[in-house]
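Okay, structure first, notes after.
In what follows, every chain begins at residue 1, and chains take the letters A, B, ... in the order their sequences are listed. In this text the structure is predicted, and so the values were computed from the model without any measurement.
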There are 2 protein chains.
Amino acid sequence: MAKGDERTARGTVRTITDLARIAGVSPGTVSRALAGKSLVNTKTREKIEAIAREHGFRPNQMASGLRRQKTGVIGVVIPMGHDSRQQISDGFFMTLLGFLADELTQEGYDLMLRRVVPGDDADWLDRFIGSGMIDGVIVIGQSDQFALIEDVADGYLPMVVWGNHKEGQRHCVVGTDNRLGGRMAVERLIAAGARRLAFLGDTGPMEFAARFAGACDAAARLGVEIIALPTHLSPDRASEEIAGHLAATQGQVDGIFAATDTLAALCLTALRERDLAVPETVRLVGFDDLPIARQTAPPLTTIRQDIAAGARGMVHLLLRRLAGEETESLVLPPQLVIRQSA
Amino acid sequence: MAKGDERTARGTVRTITDLARIAGVSPGTVSRALAGKSLVNTKTREKIEAIAREHGFRPNQMASGLRRQKTGVIGVVIPMGHDSRQQISDGFFMTLLGFLADELTQEGYDLMLRRVVPGDDADWLDRFIGSGMIDGVIVIGQSDQFALIEDVADGYLPMVVWGNHKEGQRHCVVGTDNRLGGRMAVERLIAAGARRLAFLGDTGPMEFAARFAGACDAAARLGVEIIALPTHLSPDRASEEIAGHLAATQGQVDGIFAATDTLAALCLTALRERDLAVPETVRLVGFDDLPIARQTAPPLTTIRQDIAAGARGMVHLLLRRLAGEETESLVLPPQLVIRQSA
DNA sequence: AATGTTAATGCAAACGATTGCAACAGGAAA
DNA sequence: TTTCCTGTTGCAATCGTTTGCATTAACATT
């Protein structure tokens, strides 16, 4: 019997109407019972719930979404404007995504993930929003799409963006104070004895540009020079580029601020290959405090972003925006984590 | 005028019916035109397309999904049975997820991500499948849910699982030959001169159990001993546990096979703290060949899983299953990558 | 007994796109 | 001129749930 029951249980009762027929009530009543509304008689509700449980019934979310005009899904989109390939596997984005998944789940939302290349599809954001599949959207990284995001923000409230905050911007952004972080990194390098500094990274994306700007602030204030060593973020190209930079600046640099821990780790490998001692000959500071920062040799001194707090902040701001509220941006303080590389 | 146009363009035409009214045709015709069906007159189609473009119209995917009984969304679910916290940020899962996102996008599907804790919700898989939101599901890791997955597979075709293949199983799985990989790891350790071996990892999850089994195979065949050092995967606990193991086995182990590169990297740090030279005193082999494997000091010798090929395989198998085909599992060959740790 | 009140349920119209079938126009064939 | 295509289009039902409104029954009030 258990066997037979299970057989019939699978998919016999697919719709709320099937269930209503069995329970001897109307579909409307079933809907109300399952939604936990107070209007249904307790006995009726219990009966309906029992049948639902027995047959493993689940209401169709598409139909429900269509009728209620909300889906219970939040879109998470990663635009890859600068380094189109495989930025998605970057440790930072992935860590953030993991926390976002946790937070959204906890709030009862599902997460729809989309990775887009704005160059191929200028319409990426409107398309996602207009699809009707999502109640709100989280954009991970402004990439080179700042203007487009501003445009969309004017007409669409439930959007929160991870990225850099710029005075007077109109979209709601959550992110670390990159400029301050950059200052802290350079101050640390100098405190550790460095005098000829370099910034390793791509200054295209706003966040990195801000880190570099902060680095320049501090360098200028303390009267030391700093040069930019443009480097792509994708690990394959980055390695060669770093090697090239080290060869070109041979001995002229004694402190490096890497835009990312990932880059810093690659840099560390490259320094080792050239037998440059860290931190004795060259000091190195990263950014992010990814798990990898603890595991390099020597462990990385870095500027920590509180990714968990960032994810939590984004989700909570988004919830308030879903409720119709206009919210301010959230700028998180960076934190210097001193290990051994500087 | 551009300004005014843009204003009206935003959301004036939300439904296919609005668009039909403007174009002076029926909603059905608009639907057919936008779907690219051959039945509509070329001129009519062009007119409709023009209006759609002008007003930035996008059909509602919920409504379309409801009617067509398909959503264009693939569910990706990560069950966290063993180590409930933060397995999602593990490098391996994230890399796989990135490739999956790419492949699915390319095939025109969206990706809905869900992280579940089977302990809290025994019904996790049926709930996801029954939600009506997804056309098919990809399960990343069998965790401790093998039996449940087998059950579901009997009644639900469009599911593909990443994990370990077991003789005679009924669900379609894609994964590396973990047992063979385990053998290769131990063979390498022995070839590098190790004689007292240890396996570092949690043998609960099937994949790791298989790696350990393979390691035992090889050890037995070559006549060396191997002990298991049970270790959780979450980085916080793992570090202490590894330190404990090293203290306990002081000097009795000269070759370690870590279940994961992540663990191997942590192990490397612990070894360095105890001044145990790698590979001279202790040889170390990891598993996965994550980006981090290149960046440790010394770089890790490891067993490579072809994650990109795995993702591609999963998506293509799933597409065939969506078309109604029963597909076989796919077992990928592991590959020994020799670097400097063994 | 007539009326008012409340609680519980049913009815039917939405939500927005798709699609089988019918209808229509224009032209070709007889 | 009539008949028959063929190519386009409109009509209306449908997907499964939700929800405003009407209806009913039961019970309290005068």
Can you find a side chain N or O atom of T29(A) that sits less than 4.0 Å from OP1 or OP2 on dG10(C)?
-> yes
Is any side-chain N or O of S64(B) closer than 4.0 Å to OP1 or OP2 of dT18(C)?
-> yes
Would one find a side-chain N or O of S31(B) under 4.0 angstrom from OP1 or OP2 of dT18(C)?
-> yes
Find which nucleotide of DNA chain D each of K37(A) and R45(B) is nearest to by heavy atoms, and output the residue with the more 5' nucleotide.
-> R45(B)
Nearest atoms (heavy-atom pairs only) where T71(B) meets G132(B) | CG2-O, 3.4 Å
Check the distance between dT17(D)'s C1' and M133(B)'s CE and give it to me in whole angstrom.
-> 14 Å
Could you work out which one of dT17(D), dG16(C), dT9(D) sits closest to the side chain of F57(A)?
-> dT17(D)
Kindly indicate, with the supporting measurements, whether the criterion side chain to side chain contact (heavy atoms under 4.5 Å, CB included) is fulfilled by L157(A) and E326(A).
-> CA-CA 7 Å; L157(A) 195 60; E326(A) 296 245 11; 4.2 Å; yes
In whole Å, what is the span from the CD1 atom of I48(A) to the C1' atom of dT9(C)?
-> 10 Å
Examine dG10(D): is either OP1 or OP2 under 4.0 Å from a nitrogen or oxygen in the side chain of S26(B)? Give yes or no.
-> yes
R14(B) has an atom CZ; how far is it from atom C1' of dA17(C), in whole Å?
-> 13 Å
Y156(B) versus I129(B), closest heavy-atom pair with distance | CE1-CG2, 3.2 Å
Close N or O pairs between protein and nucleotides 12-14 of chain D (under 3.5 Å):
{"from": "dT14(D)", "atom 1": "O2", "to": "R67(B)", "atom 2": "NH1", "distance (Å)": "2.8"}

Side-chain donor or acceptor of E207(A) paired with backbone N/O of G163(A) under 3.5 Å = no
To the nearest Å, give me how far apart NZ (K43(B)) and P (dT9(D)) are.
-> 10 Å
Non-neighbouring partners of R68(B) that pass side chain to side chain contact (heavy atoms under 4.5 Å, CB included), sequence neighbours left out = S64(B), K70(B)
Nucleotide N/O of nucleotides 20-28 of chain D paired with protein N/O under 3.5 Å:
{"from": "dG20(D)", "atom 1": "O6", "to": "R32(A)", "atom 2": "NH1", "distance (Å)": "3.2"}

Please figure out whether G24(A) or P59(B) has its closest DNA chain C nucleotide nearer the 5' end.
-> G24(A)
Quick one: R68(A) CZ to dG16(C) P, roughly how many Å, whole number?
-> 15 Å
Checking all strands, does V25(A) fall into the base, sugar-phosphate, or nothing category for heavy-atom contacts under 4.0 angstrom?
-> sugar-phosphate
Looking only at heavy atoms, the pair that brings P27(A) and A20(A) closest together is N-CB, 3.6 Å
Between M62(A) (CE) and dT17(D) (C1'), how many Å, whole number?
-> 13 Å
Quick one: closest heavy-atom pair of V40(A) and A33(A), and the distance?
-> CG2-CA, 3.9 Å
Tell me whether the OP1 or OP2 atom of dA14(C) has a side-chain N or O from Q69(A) closer than 4.0 Å.
-> no
Search all heavy atoms of Q61(A) against all heavy atoms of M62(B) and return the closest pair with its distance.
-> O-SD, 4.4 Å
Whole Å only: how far is the CG atom of L66(A) from the C1' atom of dT19(D)?
-> 14 Å
Quickly work out the K47(A) NZ to dA8(C) P distance and round it to whole Å.
-> 15 Å
Do any side-chain nitrogens or oxygens of T44(B) fall under 4.0 Å of OP1 or OP2 in dT9(D)?
-> yes
Using 4.0 Å as the upper bound for N to carboxylate O, is an ion pair formed by R58(A) and D123(B)?
-> yes
Closest contact, heavy atoms only, V137(B) versus L318(B) | O-CD1, 4.1 Å
